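A quick write-up on the structure given underneath.
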Amino acid sequence: MARLDHVITNIVDVFLEYADDGGKKRQLNKDELKLVLEKEIQTPELKDKISPDDIEEAMEMLDKNHDGEVNFREFCRCVCVLAKCYYNKKTGKGCKKGKGKEHECEEEA
(Lines give C-alpha, C1' and ligand atoms only; values in the text may rest on other atoms or scores of the structure.)
Protein backbone atom coordinates (compact mmCIF):
# COMPACT_ATOMS: atom_id res chain seq x y z
CA MET A 1 0.00 0.00 0.00
CA ALA A 2 1.27 3.46 -0.86
CA ARG A 3 2.11 5.75 2.04
CA LEU A 4 -0.76 8.18 1.51
CA ASP A 5 -3.20 5.27 1.11
CA HIS A 6 -1.93 3.98 4.43
CA VAL A 7 -2.38 7.38 6.12
CA ILE A 8 -5.95 7.81 4.86
CA THR A 9 -7.04 4.29 5.79
CA ASN A 10 -5.42 4.64 9.23
CA ILE A 11 -7.28 7.90 9.95
CA VAL A 12 -10.59 6.26 9.09
CA ASP A 13 -9.77 3.05 10.96
CA VAL A 14 -8.65 4.89 14.12
CA PHE A 15 -11.80 7.01 14.15
CA LEU A 16 -14.08 4.02 13.61
CA GLU A 17 -12.31 1.97 16.27
CA TYR A 18 -12.74 4.60 18.97
CA ALA A 19 -16.17 5.82 17.82
CA ASP A 20 -17.63 2.31 17.68
CA ASP A 21 -20.93 2.47 19.48
CA GLY A 22 -22.65 -0.52 17.96
CA GLY A 23 -23.06 1.06 14.54
CA LYS A 24 -25.22 4.00 15.58
CA LYS A 25 -23.89 7.58 15.60
CA ARG A 26 -20.16 6.90 15.11
CA GLN A 27 -18.97 9.94 16.98
CA LEU A 28 -16.37 10.48 19.68
CA ASN A 29 -17.47 11.68 23.08
CA LYS A 30 -15.04 13.52 25.36
CA ASP A 31 -13.66 10.32 26.95
CA GLU A 32 -13.21 8.62 23.57
CA LEU A 33 -11.43 11.67 22.15
CA LYS A 34 -9.13 11.76 25.17
CA LEU A 35 -8.35 8.07 24.71
CA VAL A 36 -7.56 8.55 21.00
CA LEU A 37 -5.21 11.43 21.71
CA GLU A 38 -3.47 9.64 24.58
CA LYS A 39 -3.02 6.27 22.85
CA GLU A 40 -2.61 7.16 19.19
CA ILE A 41 -0.29 10.18 19.48
CA GLN A 42 3.21 9.22 20.59
CA THR A 43 5.50 11.66 18.72
CA PRO A 44 6.86 14.11 21.31
CA GLU A 45 6.34 17.14 19.02
CA LEU A 46 2.64 16.28 18.76
CA LYS A 47 2.13 14.92 22.26
CA ASP A 48 3.39 18.26 23.64
CA LYS A 49 0.48 19.98 21.85
CA ILE A 50 -2.08 17.83 23.69
CA SER A 51 -2.73 18.17 27.38
CA PRO A 52 -5.14 15.64 28.89
CA ASP A 53 -6.08 18.34 31.41
CA ASP A 54 -7.27 20.57 28.56
CA ILE A 55 -9.47 17.97 26.85
CA GLU A 56 -12.59 20.02 27.63
CA GLU A 57 -11.14 23.02 25.79
CA ALA A 58 -10.09 20.82 22.88
CA MET A 59 -13.57 19.36 22.72
CA GLU A 60 -15.10 22.83 22.56
CA MET A 61 -12.72 23.89 19.79
CA LEU A 62 -13.33 20.77 17.70
CA ASP A 63 -17.07 20.40 18.27
CA LYS A 64 -18.20 23.05 15.80
CA ASN A 65 -21.84 21.91 15.79
CA HIS A 66 -21.93 21.93 19.63
CA ASP A 67 -23.49 18.49 20.05
CA GLY A 68 -21.00 17.34 22.70
CA GLU A 69 -19.35 14.89 20.35
CA VAL A 70 -16.75 14.93 17.60
CA ASN A 71 -17.91 13.60 14.25
CA PHE A 72 -15.58 12.36 11.51
CA ARG A 73 -15.33 15.76 9.85
CA GLU A 74 -14.40 17.42 13.15
CA PHE A 75 -11.90 14.62 13.86
CA CYS A 76 -10.28 15.25 10.46
CA ARG A 77 -9.88 18.93 11.41
CA CYS A 78 -8.04 17.83 14.54
CA VAL A 79 -5.72 15.55 12.53
CA CYS A 80 -5.13 18.33 10.00
CA VAL A 81 -4.19 20.84 12.71
CA LEU A 82 -1.77 18.36 14.27
CA ALA A 83 -0.26 17.64 10.83
CA LYS A 84 0.24 21.37 10.26
CA CYS A 85 1.95 21.71 13.62
CA TYR A 86 4.25 18.79 12.84
CA TYR A 87 5.00 20.26 9.40
CA ASN A 88 5.84 23.63 10.95
CA LYS A 89 8.07 21.93 13.51
CA LYS A 90 9.91 19.94 10.80
CA THR A 91 10.41 23.03 8.63
CA GLY A 92 11.50 25.23 11.52
CA LYS A 93 8.44 27.45 11.56
CA GLY A 94 7.04 26.17 14.84
CA CYS A 95 3.57 26.81 16.20
CA LYS A 96 3.31 30.29 17.58
CA LYS A 97 0.53 31.34 19.92
CA GLY A 98 -1.49 34.30 18.80
CA LYS A 99 -0.42 34.15 15.15
CA GLY A 100 -3.60 33.63 13.14
CA LYS A 101 -4.20 30.06 12.04
CA GLU A 102 -1.07 28.78 13.76
CA HIS A 103 -2.77 29.66 17.06
CA GLU A 104 -5.06 26.69 16.32
CA CYS A 105 -2.16 24.32 16.90
CA GLU A 106 -2.22 25.19 20.55
CA GLU A 107 -5.97 25.56 20.95
CA GLU A 108 -7.49 22.87 18.79
CA ALA A 109 -5.29 19.94 19.63
Side-chain angles (χ1 to χ4, degrees):
M1 185 180 292
R3 290 185 304 166
L4 196 51
D5 286 337
H6 191 65
V7 168
I8 292 167
T9 57
N10 276 341
I11 290 170
V12 172
D13 291 345
V14 165
F15 179 81
L16 291 175
E17 178 183 332
Y18 288 89
D20 182 21
D21 56 3
K24 295 179 183 161
K25 287 173 74 177
R26 289 196 175 124
Q27 296 193 61
L28 298 170
N29 62 34
K30 183 172 62 172
D31 292 334
E32 291 166 336
L33 179 61
K34 181 178 180 179
L35 193 59
V36 168
L37 297 176
E38 287 175 348
K39 288 189 151 214
E40 301 296 334
I41 304 280
Q42 297 299 315
T43 304
E45 294 90 353
L46 297 177
K47 201 146 184 92
D48 289 346
K49 301 292 176 202
I50 301 165
S51 170
D53 297 332
D54 295 332
I55 198 70
E56 190 74 42
E57 184 179 337
M59 190 75 173
E60 287 177 29
M61 296 299 293
L62 294 171
D63 184 17
K64 290 298 182 187
N65 63 359
H66 308 290
D67 66 354
E69 296 182 309
V70 173
N71 63 31
F72 184 68
R73 182 183 194 141
E74 293 162 337
F75 178 73
C76 287
R77 265 185 78 240
C78 176
V79 172
C80 183
V81 167
L82 290 170
K84 285 192 266 184
C85 284
Y86 185 70
Y87 172 82
N88 289 339
K89 181 77 171 178
K90 294 274 291 185
T91 59
K93 295 181 181 184
C95 284
K96 298 176 180 97
K97 277 192 160 185
K99 295 284 185 184
K101 290 273 185 198
E102 289 183 357
H103 186 56
E104 292 176 353
C105 296
E106 298 287 331
E107 288 184 348
E108 291 191 28

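Quick caveat, the model's predicted, so the values are computed rather than measured.
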[Y] and [X], any side-chain heavy atoms less than 4.5 Å apart:
X	Y	value
Leu62	Leu33	yes
Phe15	Val36	no
Leu37	Cys78	yes

Looking only at non-hydrogen atoms, find the nearest pair between [X] and [Y] and report the distance.
X	Y	result
Gln27	Glu69	OE1-CB, 3.6 Å
Arg77	Lys64	NH1-CE, 3.3 Å
Glu74	Val70	OE1-CA, 3.2 Å

Hydrophobic clustering (ILVMFWY, side-chain heavy atoms < 4.5 Å, transitive) - are Leu16 and Ile41 grouped together?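 Yes, Ile41 connects to Leu16 through the hydrophobic network.
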Using the rule that two of Ile, Leu, Val, Met, Phe, Trp, Tyr join whenever any of their side-chain heavy atoms come within less than 4.5 Å, decide whether Val7 and Leu82 are in one cluster.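 In one cluster: yes.
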List for me each residue that meets side chain to side chain contact (heavy atoms under 4.5 Å, CB included) alongside [X], sequence neighbours excluded, and say none if there are none.
X	result
Val79	Ile11, Phe75
Ile8	Leu4
His66	none

Which value, rounded to the nearest 0.5 Å, describes the distance between [X] atom [atom1] and [Y] atom [atom2]?
X	Y	atom1	atom2	answer
Glu17	Lys39	CD	NZ	8.5 Å
Asp13	His6	CG	NE2	9.5 Å
Asn29	Asp63	CG	CG	11.0 Å

